[in-house]
Number of protein chains: 2
Amino acid sequence: MGVKNRYSKMLKRENLRNTSHRQSILEVMEASKEPVSAETLYLTLRDKGISISMSTVYRALDVLVERNIIAKTDFTDNNRSLFEIKREEHRHHLVCVKCKKIIPVTECPFHEYASALEERFGFSITSHKLEMFGYCRKCNKDSDEK
Amino acid sequence: MGVKNRYSKMLKRENLRNTSHRQSILEVMEASKEPVSAETLYLTLRDKGISISMSTVYRALDVLVERNIIAKTDFTDNNRSLFEIKREEHRHHLVCVKCKKIIPVTECPFHEYASALEERFGFSITSHKLEMFGYCRKCNKDSDEK
DNA sequence: CTCCTTAATGGGATTGATTCGCATTTGCAT
DNA sequence: ATGCAAATGCGAATCAATCCCATTAAGGAG
């Protein structure tokens with residue numbers, strides 16, 4: 001099944017219209033290895049010759065987050081939201097505080113921990129986010145050389 | 001050692017002036033069981049009869065985050081930043097997506113996982129955030145009753 | 001205790017991301 | 001092909017956060 005067809009099904013299942021803009025947005029997000037901002041998305045689409053407005057980008061992102069197709073991830077950096085498509089395995093991130101590089105990580109060993117908390121607090125956990133901050137290999141090396 | 005004295009020392013150690021506003025802000029944050037927004041802080045201080053401006057609140061929060069005395073935590077809810085004083089043990093949170101209640105959790109079983117990632121990616125992790133989302137005991141019960 | 005330097009503050013203006021309102025267009029069921 | 005509700009565009013509005021600059025106050029030196 002082609003990628004576009006897969007998106008159609010996803011949208012249909014959620015009672016969302018299969019518009020070309022939503023298709024394009026999902027394609028760009030699928031292709032991106034890192035979380036993207038609304039503006040990056042907008043500019044990328046423009047570069048590809050697609051005419052779209054910022055409102056549409058934001059609205060599409062909102063509805064896709066709401067339907068659990070993409071995730072909004074905040075890194076506390078310059079008050080901007082980043083968005084990432086949900087893949088089979090969810091992701092965590094290593095964020096370099098110096099060069100801002102974001103490394104996705106797919107391992108997630110937290111089920112046990114989560115279960116214990118659910119029991120203790122009577123809380124049903126439906127999702128979680130883990131972000132780790134520090135210095136990437138390159139920035140570590142750069143500061144060694146000084 | 002009194003609380004105020006402790007704050008004085010923290011500020012002095014960081015070469016920050018021990019101003020009454022910073023004292024007040026730290027007191028309010030210490031007393032708060034949950035992360036607070038800049039606005040909440042501002043209003044709380046006003047209620048206590050302390051005259052302060054939003055600029056000062058934001059500036060104090062910035063410098064305290066920078067010096068690692070408090071932490072900025074974003075919960076993706078209405079694009080607002082929340083701040084929390086750092087205690088002996090760092091904290092994670094259970095965030096109820098319905099009533100927005102935030103339950104702090106002090107257990108943190110991630111050192112092993114973190115070490116493995118550091119090795120694999122040559123990344124030095126200096127901090128991390130884990131937030132879990134779902135439904136609290138009360139909101140679970142409310143939806144049962146329907 | 002007083003003086004002096006400079007960090008900190010107030011308050012208003014500004015920025016910048018995100019949201020809103022409403023007229024127009026488009027998807028899609030029939 | 002037709003009709004209607006959903007989606008879009010574009011400009012205006014909102015709202016948290018930041019900036020500017022004149023004023024105040026912390027705290028070290030004497």
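Every chain is numbered from 1, with letters handed out A, B, ... down the list of sequences.
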(message) Tell me the interatomic distance from Leu16(A), atom CG, to dA29(C), atom P, rounded to whole angstroms.
(response) 13 Å
(message) Mind checking if Ser37(A) touches a base, just sugar-phosphate, or nothing, with heavy atoms under 4.0 Å?
(response) nothing
(request) Would you mind telling me which residue lines up with the more 5' stretch of DNA chain D, Ala38(B) or Thr19(B), judged by nearest nucleotide? (result) Ala38(B)
(message) Over 60° means perpendicular and under 30° means parallel, so tell me whether His92(A) and Tyr113(B) are parallel, tilted or perpendicular.
(response) perpendicular
(request) Would you please confirm or rule out a distance under 4.0 Å between OP1 or OP2 of dA17(C) and any side-chain N or O of Ser81(A)? (result) no
(message) Go nucleotide by nucleotide along DNA chain C from the 5' end; which of Ser20(A) and Ser20(B) gets its closest nucleotide reached first?
(response) Ser20(B)
(request) May I ask you to decide if Ser20(A)'s main-chain N or O and Ser24(A)'s side chain share a donor-acceptor pair within less than 3.5 Å? (result) yes
(request) Would you mind checking if Glu30(A) and Arg6(A) are paired as a salt bridge, meaning a charged N to carboxylate O distance below 4.0 Å? (result) yes
(message) So, under a plain 3.5 Å distance rule, would you say the side chain of Arg22(B) forms a donor-acceptor pair with the base of dA8(C)?
(response) no
(request) Check the distance between dA16(D)'s P and Phe83(B)'s CZ and give it to me in whole angstrom. (result) 13 Å
(message) For a quick check, tell me whether the side chain of Ser55(A) and the base of dC10(D) share a donor-acceptor pair closer than 3.5 Å.
(response) yes
(request) Specify the separation, in whole Å, of atom CZ of Arg80(B) and atom C1' of dT19(C). (result) 16 Å
(request) Measure from CG on Asp62(B) to P on dA17(D) and round the result to the nearest Å. (result) 10 Å
(message) Can you tell me how far apart CZ (Phe133(A)) and OG (Ser127(B)) are? Round to the nearest 0.5 Å.
(response) 6.0 Å
(request) Round to the nearest Å and state the distance from His21(B) atom NE2 to dG11(C) atom P. (result) 10 Å
(request) Determine: side-chain N/O of Tyr58(B) to OP1/OP2 of dA17(D), distance under 4.0 Å, yes or no. (result) yes
(message) For dT8(D) and Thr56(A) - does any side-chain N or O of the residue sit under 4.0 Å from the phosphate oxygens OP1/OP2?
(response) no
(message) Please report the distance, rounded to the nearest Å, between CG in Leu64(B) and P in dA7(C).
(response) 17 Å
(message) Categorize Arg59(A) for me: base, sugar-phosphate, or nothing, with a 4.0 angstrom heavy-atom threshold over every strand shown.
(response) base
(message) Expressed as a whole number of angstroms, how long is the span from Arg67(A):CZ to dA6(D):C1'?
(response) 11 Å
(request) For Ser51(A) and for Arg17(A), locate the closest nucleotide of DNA chain D by heavy-atom distance; then report the residue assigned to the nucleotide nearer the 5' terminus. (result) Arg17(A)
(request) Could you tell me the separation between the CD atom of Glu39(A) and the P atom of dT19(C), rounded to a whole number of Å? (result) 15 Å
(message) Can you confirm whether Tyr42(A) is buried at OH, in the sense that more than 12 heavy atoms of other residues, nucleotides or ligands lie under 6.0 Å from that atom?
(response) yes
